[in-house]
Amino acid sequence: MPRDKTGDYGVGYGRPPRHTRFAKGQSGNPRGRPCGAKNFTTLLEEALDEAVTVTENGGRRKVSKRRAIVTQLVNRSATADFRATKLLFDIMRENERRTEPASPETAEFSEAEEKVLEQIRARFSKGEP
């Protein structure tokens, strides 16, 4: 801000006294979030991408924690563990919901497709070969 040389600077709302303003280059929140700080999602992604050693079919190999968790969940579900099966189905349902078309307009049939479907329904309802 330009300095007011006349000295008739009015102090009020949005115009604090000059001696209490932040100095040039000084932050308004000096103890705020440090540079490079990571949020929960970033920390979770990094932890899931870490490699672990697993023994599979008598051999050892390194896989990500994410892959190990999914493999364990599927294996427990295959052994009739109800909680694992429910969790797996919930995850699959959520994944399918994300991959479905966003709007119902994209899922509707065009007029030509509707005519073809109507012909097929009519043919099957009459019993024609």
Side-chain angles (χ1 to χ4, degrees):
M1 276 181 104
R3 294 219 173 236
D4 189 12
K5 294 186 168 91
T6 60
D8 59 354
Y9 174 75
V11 175
Y13 181 75
R15 299 186 63 133
R18 290 198 188 277
H19 70 279
T20 63
R21 292 185 186 174
F22 294 118
K24 195 167 195 171
Q26 178 184 357
S27 169
N29 186 11
R31 297 179 69 190
R33 182 180 61 88
C35 295
K38 298 177 180 176
N39 61 15
F40 177 76
T41 305
T42 305
L43 293 172
L44 180 64
E45 291 290 325
E46 287 179 359
L48 288 173
D49 289 336
E50 289 177 2
V52 292
T53 305
V54 296
T55 304
E56 197 172 46
N57 298 330
R60 295 170 53 120
R61 64 184 190 129
K62 288 194 170 204
V63 296
S64 68
K65 288 180 182 178
R66 183 185 318 255
R67 179 178 291 272
I69 290 169
V70 170
T71 303
Q72 285 181 341
L73 180 63
V74 171
N75 289 344
R76 286 185 61 187
S77 181
T79 60
D81 183 349
F82 177 72
R83 290 179 63 197
T85 304
K86 183 180 180 330
L87 183 60
L88 182 62
F89 281 150
D90 290 344
I91 292 170
M92 289 170 45
R93 187 178 306 118
E94 179 67 25
N95 192 27
E96 288 172 359
R97 188 181 61 79
R98 277 195 219 139
T99 58
E100 286 179 1
S103 65
E105 297 148 4
T106 58
E108 293 179 7
F109 294 113
S110 66
E111 286 185 37
E113 292 170 330
E114 285 290 342
K115 288 180 183 178
V116 171
L117 286 172
E118 220 24 70
Q119 290 172 355
I120 292 172
R121 285 188 198 115
R123 185 181 304 162
F124 282 120
S125 65
K126 291 180 185 174
E128 292 180 12

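Reckoned from all heavy atoms, side chains included, excluding hydrogens, waters and symmetry mates.
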Practice task
Spell out, as yes or no, whether a donor-acceptor pair under 3.5 Å connects the side chain of Arg76 to the backbone of Asp81.
Solution key: no
Problem - For Phe40, the option from Leu43, Thr42, Leu44 that meets side chain to side chain contact (heavy atoms under 4.5 Å, CB included) - result: Leu44
Problem - ILVMFWY network linking Leu88 to Val70, side-chain heavy atoms under 4.5 angstrom - result: yes
Problem - Audit row: Arg66, Glu45, side chain to side chain contact (heavy atoms under 4.5 Å, CB included) steps and yes/no - result: CA-CA 9 Å; Arg66 183 185 318 255; Glu45 291 290 325; 3.0 Å; yes
Exercise for the section: May I ask you to test the Asn75-Thr79 pair for a side-chain heavy-atom distance under 4.5 Å? Expected result: no
Exercise for the section: May I ask you to say whether Glu94 pairs ionically with Arg97, meaning some side-chain N is under 4.0 Å from a carboxylate O? Expected result: yes
Completion exercise
All heavy atoms of Asp90 vs all of Arg93, minimum pair found to be OD1-NH1, 3.1 Å
Exercise for the section: Run the salt-bridge test on Lys115 and Glu118 with the 4.0 Å N-O cut-off and return the result as yes or no. Expected result: no
Problem - Hydrophobic cluster membership, Phe82 vs Val74, 4.5 Å side-chain cutoff - result: no
Problem - Gap separating the CD atom of Glu114 from the CZ atom of Arg121, nearest 0.5 angstrom - result: 6.5 Å
Problem - Stepwise side chain to side chain contact (heavy atoms under 4.5 Å, CB included) check, Ile91 with Leu73 - result: CA-CA 11 Å; Ile91 292 170; Leu73 180 63; 3.9 Å; yes
Problem - Asn57 side chain to Gly59 backbone, donor-acceptor under 3.5 Å - result: no
Handout entry: Smallest separation among heavy atoms of Ala84 and Ser77, with atom names
Key = CB-N, 3.8 Å
Handout entry: Single-linkage hydrophobic cluster, 4.5 Å side-chain cutoff, Val52 and Leu48 together
Key = no
